[in-house]
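Worksheet for the structure shown next.
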Amino acid sequence: ERSVELNVFRAQWMSELKPNSASNGGNRGLSSRAADLKRKQELAREEKAKELFLKAVEEEENGAVYEAIKYYRRAMQIVPDIEFKINYSRSPDPDGGNENDMDGEIEDLLAYFHQQLTLQDNSLKICVPEVDMAQMHISALPPEVLMYIFRWVVSRDLDLRALEQLSLVCRGFYICARDPEIWRSACLRAWGRSCTKLVPFNSWREMFLERPRVRFDGVYISKTAYIRQGEESLDGFYRAWHQVEYYRYLRFFPDGQVMMLTTPEDPLVTVPRLRSRNTRVESIMCGHYRLSQDTDNQTKVFVVVSKRKEERISRFCRRNPAAPETEHSFHVGLQLSSGGRQSFNKLNWIHHSCHITYRSTGETVVTAFDLDQMYASFYFARVKSYTAFSERPL
(Lines give C-alpha, C1' and ligand atoms only; values in the text may rest on other atoms or scores of the structure.)
Protein backbone atom coordinates (compact mmCIF):
# COMPACT_ATOMS: atom_id res chain seq x y z
CA GLU A 1 0.00 0.00 0.00
CA ARG A 2 2.94 2.34 0.58
CA SER A 3 4.46 1.92 -2.92
CA VAL A 4 2.61 4.90 -4.36
CA GLU A 5 3.52 7.13 -1.42
CA LEU A 6 7.18 6.04 -1.71
CA ASN A 7 7.33 6.90 -5.43
CA VAL A 8 5.82 10.33 -4.77
CA PHE A 9 8.36 11.05 -2.03
CA ARG A 10 11.28 9.87 -4.20
CA ALA A 11 10.23 12.11 -7.12
CA GLN A 12 9.86 15.12 -4.86
CA TRP A 13 13.25 14.46 -3.26
CA MET A 14 15.00 14.19 -6.67
CA SER A 15 13.47 17.48 -7.80
CA GLU A 16 14.81 19.27 -4.75
CA LEU A 17 18.37 18.01 -5.39
CA LYS A 18 18.63 19.59 -8.85
CA PRO A 19 20.82 22.80 -9.01
CA ASN A 20 19.14 26.19 -9.12
CA SER A 21 21.93 27.93 -11.19
CA ALA A 22 20.11 27.75 -14.49
CA SER A 23 19.07 30.30 -17.06
CA ASN A 24 15.65 31.89 -17.23
CA GLY A 25 14.61 29.38 -19.85
CA GLY A 26 15.88 26.63 -17.60
CA ASN A 27 13.91 28.14 -14.73
CA ARG A 28 10.75 28.10 -16.83
CA GLY A 29 11.45 24.50 -17.74
CA LEU A 30 11.96 23.62 -14.11
CA SER A 31 8.74 25.42 -13.12
CA SER A 32 6.75 23.53 -15.76
CA ARG A 33 8.29 20.26 -14.65
CA ALA A 34 7.46 21.16 -11.06
CA ALA A 35 3.85 21.84 -12.05
CA ASP A 36 3.67 18.51 -13.87
CA LEU A 37 5.19 16.80 -10.86
CA LYS A 38 2.63 18.46 -8.59
CA ARG A 39 -0.23 17.28 -10.80
CA LYS A 40 1.20 13.76 -10.79
CA GLN A 41 1.43 13.88 -7.02
CA GLU A 42 -2.20 14.98 -6.73
CA LEU A 43 -3.33 12.22 -9.10
CA ALA A 44 -1.31 9.67 -7.16
CA ARG A 45 -2.85 10.81 -3.87
CA GLU A 46 -6.33 10.73 -5.40
CA GLU A 47 -5.82 7.21 -6.77
CA LYS A 48 -4.58 6.04 -3.39
CA ALA A 49 -7.55 7.66 -1.64
CA LYS A 50 -9.97 6.04 -4.13
CA GLU A 51 -8.41 2.65 -3.51
CA LEU A 52 -8.78 3.05 0.27
CA PHE A 53 -12.34 4.38 -0.03
CA LEU A 54 -13.51 1.51 -2.24
CA LYS A 55 -11.85 -0.91 0.15
CA ALA A 56 -13.84 0.69 2.96
CA VAL A 57 -17.06 0.27 0.95
CA GLU A 58 -16.28 -3.40 0.42
CA GLU A 59 -15.57 -3.95 4.12
CA GLU A 60 -18.81 -2.21 5.07
CA GLU A 61 -20.83 -4.38 2.69
CA ASN A 62 -19.23 -7.47 4.27
CA GLY A 63 -20.25 -6.32 7.73
CA ALA A 64 -16.79 -5.31 8.96
CA VAL A 65 -17.81 -1.84 10.09
CA TYR A 66 -14.74 -1.25 12.31
CA GLU A 67 -12.33 -2.05 9.47
CA ALA A 68 -14.38 0.12 7.09
CA ILE A 69 -14.10 3.11 9.43
CA LYS A 70 -10.30 2.81 9.45
CA TYR A 71 -10.13 2.77 5.64
CA TYR A 72 -12.60 5.69 5.41
CA ARG A 73 -10.45 7.73 7.81
CA ARG A 74 -7.22 7.03 5.90
CA ALA A 75 -8.85 7.92 2.57
CA MET A 76 -10.21 11.22 3.85
CA GLN A 77 -6.86 12.12 5.41
CA ILE A 78 -5.29 11.94 1.94
CA VAL A 79 -8.16 13.60 0.02
CA PRO A 80 -10.89 15.11 2.26
CA ASP A 81 -13.57 15.20 -0.49
CA ILE A 82 -12.75 11.81 -2.02
CA GLU A 83 -16.39 10.71 -1.57
CA PHE A 84 -17.50 13.14 -4.28
CA LYS A 85 -14.76 12.15 -6.74
CA ILE A 86 -15.73 8.49 -7.12
CA ASN A 87 -17.94 7.25 -9.94
CA TYR A 88 -20.43 4.86 -8.38
CA SER A 89 -22.01 3.78 -11.68
CA ARG A 90 -19.41 1.02 -12.04
CA SER A 91 -18.69 -1.83 -9.72
CA PRO A 92 -15.56 -1.52 -7.57
CA ASP A 93 -14.59 -5.09 -8.42
CA PRO A 94 -10.95 -4.92 -9.59
CA ASP A 95 -11.08 -8.25 -11.43
CA GLY A 96 -13.30 -6.85 -14.18
CA GLY A 97 -14.96 -10.20 -14.70
CA ASN A 98 -18.49 -8.82 -15.20
CA GLU A 99 -20.35 -9.17 -18.44
CA ASN A 100 -20.51 -6.26 -20.85
CA ASP A 101 -24.20 -5.62 -20.29
CA MET A 102 -23.63 -5.30 -16.55
CA ASP A 103 -21.02 -2.52 -16.83
CA GLY A 104 -23.70 0.18 -17.07
CA GLU A 105 -27.17 0.53 -15.69
CA ILE A 106 -29.83 -1.88 -16.93
CA GLU A 107 -32.79 0.11 -18.12
CA ASP A 108 -35.38 -2.68 -18.11
CA LEU A 109 -34.47 -4.88 -15.16
CA LEU A 110 -37.63 -6.96 -15.46
CA ALA A 111 -36.90 -7.96 -19.09
CA TYR A 112 -33.30 -8.72 -18.17
CA PHE A 113 -34.33 -11.07 -15.33
CA HIS A 114 -36.79 -12.81 -17.66
CA GLN A 115 -33.98 -13.37 -20.14
CA GLN A 116 -31.57 -14.65 -17.47
CA LEU A 117 -34.08 -17.15 -16.10
CA THR A 118 -34.84 -18.39 -19.60
CA LEU A 119 -31.16 -18.93 -20.39
CA GLN A 120 -30.48 -20.50 -17.02
CA ASP A 121 -33.13 -23.20 -17.02
CA ASN A 122 -35.58 -24.33 -19.65
CA SER A 123 -38.06 -25.39 -16.97
CA LEU A 124 -38.71 -21.70 -16.17
CA LYS A 125 -38.63 -22.14 -12.40
CA ILE A 126 -39.15 -18.99 -10.38
CA CYS A 127 -36.10 -19.71 -8.23
CA VAL A 128 -33.67 -22.52 -7.37
CA PRO A 129 -32.24 -23.52 -3.98
CA GLU A 130 -28.75 -22.22 -3.29
CA VAL A 131 -27.77 -25.34 -1.30
CA ASP A 132 -29.06 -28.90 -1.20
CA MET A 133 -32.05 -29.27 1.10
CA ALA A 134 -33.74 -32.29 2.61
CA GLN A 135 -37.09 -30.51 2.75
CA MET A 136 -39.11 -29.24 -0.17
CA HIS A 137 -37.95 -25.85 -1.46
CA ILE A 138 -40.38 -23.06 -2.32
CA SER A 139 -39.29 -23.32 -5.96
CA ALA A 140 -41.20 -26.62 -6.19
CA LEU A 141 -44.52 -24.78 -5.83
CA PRO A 142 -46.47 -23.98 -9.00
CA PRO A 143 -46.39 -20.33 -10.12
CA GLU A 144 -50.10 -19.97 -9.38
CA VAL A 145 -49.55 -20.94 -5.72
CA LEU A 146 -46.63 -18.53 -5.44
CA MET A 147 -48.72 -15.68 -6.83
CA TYR A 148 -51.45 -16.51 -4.30
CA ILE A 149 -48.85 -16.25 -1.52
CA PHE A 150 -47.80 -12.87 -2.90
CA ARG A 151 -51.41 -11.71 -2.72
CA TRP A 152 -51.48 -12.72 0.94
CA VAL A 153 -48.35 -10.60 1.47
CA VAL A 154 -50.08 -7.57 -0.05
CA SER A 155 -53.34 -8.40 1.79
CA ARG A 156 -56.60 -6.44 1.65
CA ASP A 157 -54.82 -3.58 3.43
CA LEU A 158 -52.64 -2.95 0.34
CA ASP A 159 -49.25 -3.45 1.96
CA LEU A 160 -47.30 -2.89 -1.26
CA ARG A 161 -44.25 -1.94 0.79
CA ALA A 162 -43.95 -5.58 1.90
CA LEU A 163 -44.28 -6.67 -1.73
CA GLU A 164 -41.36 -4.44 -2.73
CA GLN A 165 -39.25 -5.90 0.09
CA LEU A 166 -40.16 -9.40 -1.03
CA SER A 167 -38.94 -8.60 -4.55
CA LEU A 168 -35.40 -8.17 -3.18
CA VAL A 169 -35.08 -11.88 -2.36
CA CYS A 170 -34.13 -13.09 -5.84
CA ARG A 171 -34.74 -12.50 -9.55
CA GLY A 172 -37.76 -14.81 -9.62
CA PHE A 173 -39.44 -13.01 -6.74
CA TYR A 174 -38.68 -9.69 -8.44
CA ILE A 175 -40.58 -10.91 -11.52
CA CYS A 176 -43.51 -12.12 -9.41
CA ALA A 177 -43.66 -8.81 -7.53
CA ARG A 178 -44.02 -6.96 -10.85
CA ASP A 179 -47.01 -9.02 -11.95
CA PRO A 180 -49.49 -6.58 -13.56
CA GLU A 181 -52.53 -8.34 -12.10
CA ILE A 182 -51.40 -7.71 -8.52
CA TRP A 183 -50.90 -4.01 -9.15
CA ARG A 184 -54.15 -3.79 -11.13
CA SER A 185 -56.06 -5.33 -8.20
CA ALA A 186 -54.37 -2.86 -5.84
CA CYS A 187 -55.41 0.07 -8.04
CA LEU A 188 -59.00 -1.14 -8.25
CA ARG A 189 -59.16 -1.47 -4.48
CA ALA A 190 -57.65 1.99 -3.95
CA TRP A 191 -59.73 3.95 -6.51
CA GLY A 192 -62.55 1.64 -7.50
CA ARG A 193 -64.17 2.09 -10.89
CA SER A 194 -62.37 5.38 -11.54
CA CYS A 195 -59.15 3.61 -12.60
CA THR A 196 -60.34 1.41 -15.45
CA LYS A 197 -57.85 3.02 -17.87
CA LEU A 198 -54.09 3.23 -17.60
CA VAL A 199 -53.73 6.56 -19.42
CA PRO A 200 -51.58 8.58 -18.75
CA PHE A 201 -49.55 5.95 -16.86
CA ASN A 202 -47.45 3.24 -18.49
CA SER A 203 -48.28 0.47 -16.00
CA TRP A 204 -50.54 -0.32 -13.07
CA ARG A 205 -47.57 -0.14 -10.73
CA GLU A 206 -46.73 3.35 -11.95
CA MET A 207 -50.34 4.39 -11.40
CA PHE A 208 -50.37 3.11 -7.82
CA LEU A 209 -47.07 4.81 -6.97
CA GLU A 210 -47.71 8.17 -8.62
CA ARG A 211 -51.47 8.79 -8.63
CA PRO A 212 -52.56 10.79 -5.56
CA ARG A 213 -54.26 8.68 -2.89
CA VAL A 214 -54.60 8.44 0.86
CA ARG A 215 -52.30 6.00 2.63
CA PHE A 216 -53.51 3.00 4.62
CA ASP A 217 -50.36 1.81 6.40
CA GLY A 218 -50.55 4.43 9.14
CA VAL A 219 -52.55 7.34 10.49
CA TYR A 220 -52.84 11.06 9.73
CA ILE A 221 -52.26 13.18 12.84
CA SER A 222 -53.03 16.85 13.47
CA LYS A 223 -51.78 18.58 16.61
CA THR A 224 -53.40 21.81 17.84
CA ALA A 225 -52.00 23.92 20.67
CA TYR A 226 -53.25 27.24 22.03
CA ILE A 227 -53.20 29.34 25.21
CA ARG A 228 -56.46 29.92 27.05
CA GLN A 229 -57.11 32.52 29.71
CA GLY A 230 -58.20 31.08 33.04
CA GLU A 231 -60.33 32.35 35.87
CA GLU A 232 -59.25 35.32 37.93
CA SER A 233 -58.01 34.57 41.44
CA LEU A 234 -60.20 35.31 44.43
CA ASP A 235 -58.05 38.21 45.55
CA GLY A 236 -57.93 39.62 42.01
CA PHE A 237 -54.13 39.86 41.89
CA TYR A 238 -53.51 37.45 39.02
CA ARG A 239 -55.25 35.50 36.26
CA ALA A 240 -54.00 32.05 35.25
CA TRP A 241 -53.19 31.06 31.67
CA HIS A 242 -53.47 27.49 30.42
CA GLN A 243 -51.73 25.83 27.48
CA VAL A 244 -54.14 23.44 25.79
CA GLU A 245 -53.02 20.66 23.42
CA TYR A 246 -55.13 18.10 21.63
CA TYR A 247 -54.86 15.80 18.61
CA ARG A 248 -57.03 14.81 15.69
CA TYR A 249 -56.53 11.38 14.12
CA LEU A 250 -57.69 10.13 10.70
CA ARG A 251 -57.40 6.44 9.83
CA PHE A 252 -58.33 5.42 6.27
CA PHE A 253 -59.16 1.93 5.01
CA PRO A 254 -59.03 0.68 1.40
CA ASP A 255 -62.74 -0.19 1.32
CA GLY A 256 -63.75 3.47 1.75
CA GLN A 257 -64.25 3.49 5.51
CA VAL A 258 -62.60 6.03 7.80
CA MET A 259 -62.25 6.67 11.53
CA MET A 260 -61.81 10.12 13.12
CA LEU A 261 -60.91 10.82 16.71
CA THR A 262 -60.28 14.05 18.66
CA THR A 263 -58.54 13.53 21.99
CA PRO A 264 -55.91 15.09 24.24
CA GLU A 265 -54.12 11.74 24.57
CA ASP A 266 -50.62 11.37 23.15
CA PRO A 267 -50.12 9.42 19.88
CA LEU A 268 -48.11 6.76 21.73
CA VAL A 269 -51.30 5.85 23.57
CA THR A 270 -53.89 6.43 20.84
CA VAL A 271 -52.26 5.14 17.64
CA PRO A 272 -52.09 1.42 18.67
CA ARG A 273 -55.80 1.52 19.53
CA LEU A 274 -56.74 2.59 15.99
CA ARG A 275 -55.37 -0.51 14.29
CA SER A 276 -58.77 -2.19 13.90
CA ARG A 277 -61.96 -0.60 12.66
CA ASN A 278 -63.78 -2.45 15.48
CA THR A 279 -61.94 -0.49 18.15
CA ARG A 280 -63.77 0.39 21.35
CA VAL A 281 -62.22 3.82 21.75
CA GLU A 282 -64.72 6.19 23.32
CA SER A 283 -65.95 9.18 21.28
CA ILE A 284 -64.54 7.82 18.03
CA MET A 285 -66.46 8.70 14.87
CA CYS A 286 -66.76 6.38 11.89
CA GLY A 287 -67.93 6.94 8.35
CA HIS A 288 -66.82 6.91 4.75
CA TYR A 289 -64.67 8.97 2.41
CA ARG A 290 -64.17 9.55 -1.29
CA LEU A 291 -61.44 11.05 -3.47
CA SER A 292 -62.16 13.79 -5.99
CA GLN A 293 -59.84 15.33 -8.56
CA ASP A 294 -61.15 18.67 -9.79
CA THR A 295 -60.26 20.63 -12.89
CA ASP A 296 -57.51 22.45 -10.97
CA ASN A 297 -55.64 19.11 -10.78
CA GLN A 298 -55.89 19.12 -6.99
CA THR A 299 -56.92 15.90 -5.25
CA LYS A 300 -59.43 16.41 -2.46
CA VAL A 301 -60.69 14.03 0.20
CA PHE A 302 -64.28 14.36 1.42
CA VAL A 303 -65.12 12.66 4.72
CA VAL A 304 -68.50 12.12 6.41
CA VAL A 305 -68.36 10.74 9.95
CA SER A 306 -70.72 10.34 12.89
CA LYS A 307 -70.75 8.61 16.23
CA ARG A 308 -71.58 4.94 16.28
CA LYS A 309 -75.24 4.15 16.55
CA GLU A 310 -74.97 1.95 19.63
CA GLU A 311 -72.93 4.64 21.43
CA ARG A 312 -75.50 7.33 20.65
CA ILE A 313 -78.39 5.19 21.87
CA SER A 314 -76.65 3.99 25.05
CA ARG A 315 -75.71 7.51 26.10
CA PHE A 316 -79.18 8.90 25.40
CA CYS A 317 -81.00 6.07 27.16
CA ARG A 318 -79.26 6.88 30.40
CA ARG A 319 -81.24 10.11 30.53
CA ASN A 320 -84.31 9.38 28.43
CA PRO A 321 -85.72 5.97 27.44
CA ALA A 322 -87.12 7.39 24.20
CA ALA A 323 -85.19 7.23 20.95
CA PRO A 324 -83.01 10.24 20.02
CA GLU A 325 -84.77 12.82 17.86
CA THR A 326 -81.72 14.17 16.02
CA GLU A 327 -78.77 12.75 14.14
CA HIS A 328 -75.43 14.54 13.99
CA SER A 329 -72.88 14.05 11.24
CA PHE A 330 -69.70 15.93 10.44
CA HIS A 331 -68.56 16.72 6.91
CA VAL A 332 -64.83 17.34 6.37
CA GLY A 333 -63.06 18.50 3.21
CA LEU A 334 -59.29 18.05 2.89
CA GLN A 335 -56.74 18.72 0.19
CA LEU A 336 -54.15 16.00 -0.39
CA SER A 337 -50.54 16.99 -0.98
CA SER A 338 -46.99 15.70 -0.59
CA GLY A 339 -44.22 17.13 1.54
CA GLY A 340 -40.61 16.16 2.07
CA ARG A 341 -39.53 12.71 0.95
CA GLN A 342 -42.90 11.02 1.50
CA SER A 343 -45.77 11.03 -0.97
CA PHE A 344 -49.35 11.97 -0.11
CA ASN A 345 -48.43 12.60 3.53
CA LYS A 346 -50.24 15.90 4.15
CA LEU A 347 -53.90 16.87 4.39
CA ASN A 348 -54.96 20.54 4.54
CA TRP A 349 -58.37 21.63 5.78
CA ILE A 350 -60.72 23.19 3.23
CA HIS A 351 -64.13 22.57 4.85
CA HIS A 352 -65.70 21.51 8.15
CA SER A 353 -69.39 21.52 8.99
CA CYS A 354 -71.94 19.85 11.27
CA HIS A 355 -75.23 18.48 9.87
CA ILE A 356 -78.13 18.04 12.31
CA THR A 357 -81.11 16.08 10.98
CA TYR A 358 -84.43 16.10 12.86
CA ARG A 359 -86.23 12.78 12.64
CA SER A 360 -89.70 14.22 13.12
CA THR A 361 -89.58 16.59 10.15
CA GLY A 362 -86.61 15.31 8.14
CA GLU A 363 -85.14 18.81 8.15
CA THR A 364 -81.36 19.19 8.16
CA VAL A 365 -79.57 22.19 9.64
CA VAL A 366 -76.02 22.81 8.49
CA THR A 367 -73.50 24.73 10.60
CA ALA A 368 -70.21 25.57 8.88
CA PHE A 369 -67.14 26.26 11.02
CA ASP A 370 -64.58 28.95 10.26
CA LEU A 371 -61.18 27.47 9.45
CA ASP A 372 -58.70 29.34 11.63
CA GLN A 373 -55.38 28.49 13.26
CA MET A 374 -57.17 25.81 15.30
CA TYR A 375 -57.32 23.64 12.18
CA ALA A 376 -53.75 22.43 11.82
CA SER A 377 -52.79 20.25 8.86
CA PHE A 378 -52.71 16.46 9.14
CA TYR A 379 -49.37 14.72 8.66
CA PHE A 380 -49.02 11.03 7.94
CA ALA A 381 -47.20 8.68 10.31
CA ARG A 382 -46.50 5.12 9.21
CA VAL A 383 -47.39 2.46 11.79
CA LYS A 384 -45.73 -0.93 11.29
CA SER A 385 -48.24 -2.79 13.45
CA TYR A 386 -51.09 -1.89 11.07
CA THR A 387 -49.64 -4.18 8.37
CA ALA A 388 -47.87 -6.73 10.60
CA PHE A 389 -50.62 -9.30 10.03
CA SER A 390 -52.52 -10.30 6.91
CA GLU A 391 -56.14 -11.29 7.48
CA ARG A 392 -57.29 -11.69 3.88
CA PRO A 393 -55.47 -11.86 0.51
CA LEU A 394 -55.72 -9.16 -2.12
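Starting from 1, each residue takes its place in the sequence as its number.
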Tell me, do [X] and [Y] make a side-chain contact under 4.5 Å, heavy atoms counted?
| X | Y | value |
| --- | --- | --- |
| Phe208 | Arg213 | yes |
| Thr263 | Tyr249 | yes |
| Asn348 | Lys346 | yes |
| Val301 | Leu291 | yes |
| Val271 | Ile221 | yes |
| Lys384 | Arg161 | no |
| Phe302 | Ser292 | yes |

In terms of relative ring orientation, are Trp349 and Phe378 parallel, tilted or perpendicular, with 30° and 60° separating the classes?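 It falls in the tilted class, 30° to 60°.
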Pi-cation contact, [Y] with [X] (under 6.0 Å, within 45°):
| X | Y | result |
| --- | --- | --- |
| Arg211 | Phe201 | no |
| Arg248 | Tyr246 | no |
| Arg382 | Phe380 | no |
| Arg189 | Phe216 | no |

Joint cluster assignment, [X] & [Y], ILVMFWY side-chain distance < 4.5 Å:
| X | Y | value |
| --- | --- | --- |
| Leu43 | Phe53 | no |
| Leu334 | Leu371 | yes |
| Val281 | Val219 | yes |
| Leu166 | Trp204 | yes |
| Val154 | Ile149 | yes |

Short side-chain to backbone donor-acceptor contact, [X] and [Y], under 3.5 Å:
| X | Y | result |
| --- | --- | --- |
| Glu206 | Asn202 | yes |
| Thr326 | Tyr358 | no |
| Tyr220 | Arg215 | yes |
| Ser222 | Ala376 | yes |
| Tyr289 | Phe253 | yes |
| Ser390 | Val153 | no |

Which heavy-atom pair separates [X] from [Y] by the least distance, and what is that distance?
| X | Y | answer |
| --- | --- | --- |
| Leu158 | Pro254 | CD1-CB, 4.1 Å |
| Leu160 | Ala186 | CD2-CB, 4.0 Å |
| Ala177 | Phe150 | N-CE2, 3.8 Å |

Just wondering, more than 12 heavy atoms not from [X] lying within 6.0 Å of its [atom1]?
| X | atom1 | result |
| --- | --- | --- |
| Met147 | CE | yes |
| Glu391 | CD | no |
| Asp372 | CG | yes |

Any side-chain donor-acceptor pair under 3.5 Å between His355 and Thr357?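 Result is no, nothing qualifies.
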Between the side chains of Lys50 and Glu46, is the shortest nitrogen-to-carboxylate-oxygen separation below 4.0 Å, so that they form an ion pair?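 Salt bridge: yes.
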Does a side-chain N-to-carboxylate-O contact under 4.0 Å join Glu210 and Arg205? no
side-chain contact (heavy atoms from CB on, under 4.5 Å) assessment of Leu336 paired with Leu347: CA-CA 5 Å; Leu336 183 64; Leu347 292 171; 3.5 Å; yes
Check against side-chain contact (heavy atoms from CB on, under 4.5 Å), Cys354 and His328: CA-CA 7 Å; Cys354 176; His328 294 71; 4.2 Å; yes
By the definition salt bridge (charged side-chain N to carboxylate O under 4.0 Å, His left out), identify the one residue from Arg290, Arg277, Arg392 that meets it with Asp255.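 Among the candidates, only Arg277 passes.
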Residues in side-chain contact (heavy atoms from CB on, under 4.5 Å) contact with Val305, at least two apart in sequence or another chain: Val258, Met260, Met285, Val303, Phe330
Would you mind listing every salt bridge (charged side-chain N to carboxylate O under 4.0 Å, His left out) that reaches into residues 258-275, with sequence neighbours excluded?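 For residues 258-275: Glu265-Arg273.
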